[in-house]
Amino acid sequence: MGMAIVFLVLFLTQPIFSSGISLYWQDKPLDISLGPRIEKGIIYIPAKALDTFAEVKLSANQVYLNYQEQEYVFSLNSLEVKGTIKKLSKPPKAFDGEFYLPLEALTDILTIAVKWDSKERRLSFNTLQEKPEVLSVDFCEEGNKAILSIDCQGPIKYTLEKTEPGKWKLDLKETSLTKPLPWMLIEHPLLYAVRVEQLSKDTVTFYFQVKEGLELNCTEEENRLKIEFMYAVESFEYHNSGGLPLILPISKTGLPEYKEYINAKSQLIRVFQGVKLMGPKQKKTIDDVAVEYFEFYEKGDSVICLLQLKPALARVLAKKISTNPLAQLVSLKSFANELGTVVELVIEGDALLKISKGEDTLNIDFTEIEANNLIRDIKKTTELKAASLLRVQKDTARLKLALGDYRGYAIIRQDASTYQIQLIKKDLREKLIVIDPGHGGHDPGALGKILKEKDLTLNIAKKLCGLLKDLGYQVLLTRKSDLYVSLADRVSVATSSGADLFISIHLNGSTNLLASGIETFYGPFNHEAYKVAEAVHKKLLETTKAQDRSVKEGNYWVLLNNIKRAILVEAGFITNTLEETKFSSDQYQYLVAVGIADGLTSYWQSLK
Ligand SMILES: [Zn+2]
C-alpha cells in the first residue's frame, strides 16, 4: 500500500487541477458529482464521496464520519481528529465551499487500502483485511521461569520495552482486542500482574508488573507469542572463605535454588536453571589452596558456575555434595490415613515431577532419577491396586499406580525430599478443604521489617488446618514447609482431589506504609465464591477487629483457574509496622485462623 501512494505522489507532482480521476469502492465505481482535487501534489477526496461506505455528516467547518462502527470528527485546517489519538500531517481543506480530506486521512485514520491504476486513472478504495485478534492469554511456570503465551488469530508484530524499573510494556501492532481480557494478579516471584488494553485503534498493549532487574525473552511461533520472565545475573564473584570456595552472584533479582554436583574431573558444577546471564561469560585463574580456576557461562536456559577444584578439596567436598547429578529414589511406601491411601516417595537430590492420568492409572514421571537400594512397601487398598516402578528413558523413571475406587488425588511435597500422593477415598463424608499458604522457598512474598509473608501464611495455614480438623473437616495443605510450589501445582491440589473449597492465605504489602486491614477476594462473576468470601470476611473482622477493606473481585490467577469455591484472603499488611507487630504474635495468627474457620462454618450453615 505504501508503494502505491509513493507512486501516486510522484505521478501527480505537476499541478493538475480536477483530474478526471474516478473513484472506486470494493471494485465498484462511486457515483459522485465531485471528483478528487489535487493541490501541490496532494490528493484531496471530497468528504461527500465517502458516504457509500461511511456515515457522513457535514457542517460548515467539520465533518463527522462513522466508519466501521467508530466515530471520527475532522475539522477544517486542523491536524487533530476526534475519535483517535493519531494526527494528520496535512489538514482537511475547503475548495469551492466543499469539504475535502487529504488522501492520507483515509489510509492512516480510517485504515482503508488505496490502489492507483494510472492507465485507467482510477483510485480504488478497499477495506483493509481484518486485523489479527488477541484470542487468549495463558500463564504457566517452567523451570523457575514464568511464561505468558499470547495467542493471536494471525501473524504478530510486536515491540517490547522497559518503561521504568519493574515495568515492561508490550505493543502488539495491527492487532485488535475483540473482547476485554481481565487483568491478572499472578503472585509469581517474577511476574506480579498483567494488564491488557487497546489504547489506539490498531495496537493492543500489555503492561507487565515484574520483579526489578529480571530479563524478558520473547519468541514468536505460529501466531503465538511466548514471553518468558527470567531471573537474571550480571556475573559471579569468587571468594575464598577459610579455605573453602564461596561463589557470590551479582544479581538484582536474586537467584532461585540451584543444583550442585561434582563430576569425575573434580569440577564442582552449579546449575541455575531458568536464569539469564546478562554480562559476558568469564573464566578466571584462581590458584589458591582450594581452586585452580573458576568460570561461568550460559548453557541452554541455565547459567553454569564451574569450579576446578584442587584434588584434596574435591575429595573432602565429594563426601558432602552428591557426585552424581541424578536424584536418587530411596524409599517408596504406602499407608492408609483418614483421607484414603498415601503413596510416599523419598527422593534425595533434585527431581522434576510430571504427572499424567490415564483411565485407571496415575503416572508420576521423575526426570534424572536412579532407584538405588530402594525400600519398597506397597499395600493393596480400595484406592490402590498396585504400584510399579519402570524406567521409561535413560534419565526418567516412572511410578505407575493402578487405581481402584477413588474420588481424586493430590500430590503434595512434604519437605525437601518427601512427596506424598494422596489418593482420596470415594466415600469421604466430610467436606474437603484445600488451604494454600501463599509463597514459599525462593519466593518470600511481601516483606516486613522483620517478618516475611511466606512464613506468616504457613503459620496461619497450620493453625487453620488444626481448627478445621477439630470442626470435622478434611484438610489438604498445598505446602507444609518452606518450599516453592508453583501456582499450577497449588491449584491442581484442589482440582484433582475433588475438593469442596480452596482458600489461599496471603499478606499484603504496600508502598503506603500506613495501609492496613483485611481484603477478601473472589473470582469475577463467581457468585458462590462471593458468598464464601463474604462469610469469611465478616468473621475475620469480628475476631481480629482489623480495618475493613471489603470483599473484592480479584483477578488472581489462582482464583481464575480453580474450583468453584475458591477465595483468597489478604489478612493484613506486613508493611505496616503496627500490623507486622500484631502478626508476630501466635495469638493474633490464631485469631486470623479462627476468623477463617468460623466464616467457612457459617457459609456451609447458610446453605442448609
Ligand atoms: Zn502474597
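Values reported hereafter were calculated over all heavy atoms of this structure, with side chains retained and with hydrogens, waters and symmetry mates removed. Just follow the structure's listing: the first ligand is 1, and inside any ligand the first atom is 1.
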Centroid-centroid distance, H442 to Y231, less than 6.0 Å = yes
Considering only N, O or S atoms, which atom of H506 is nearest to the Zn ion (ligand 1)?
-> ND1
Atom of E453 nearest the Zn ion (ligand 1) (restricted to N/O/S, atom name only) | OE2
Residues E221, R224: salt bridge by 4.0 Å N-O rule | no
For the Zn ion (ligand 1), which N, O or S atom of H439 is at the shortest distance?
-> NE2
Sequence neighbours excluded, which residues qualify as side chain to side chain donor-acceptor pair (under 3.5 Å) partners of S516?
-> Q547
Quick check: does E187 put an N/O/S atom under 2.8 Å from the Zn ion (ligand 1)?
-> yes
Not counting sequence neighbours, which residues clear side chain to side chain donor-acceptor pair (under 3.5 Å) with Q273? List them please.
-> none
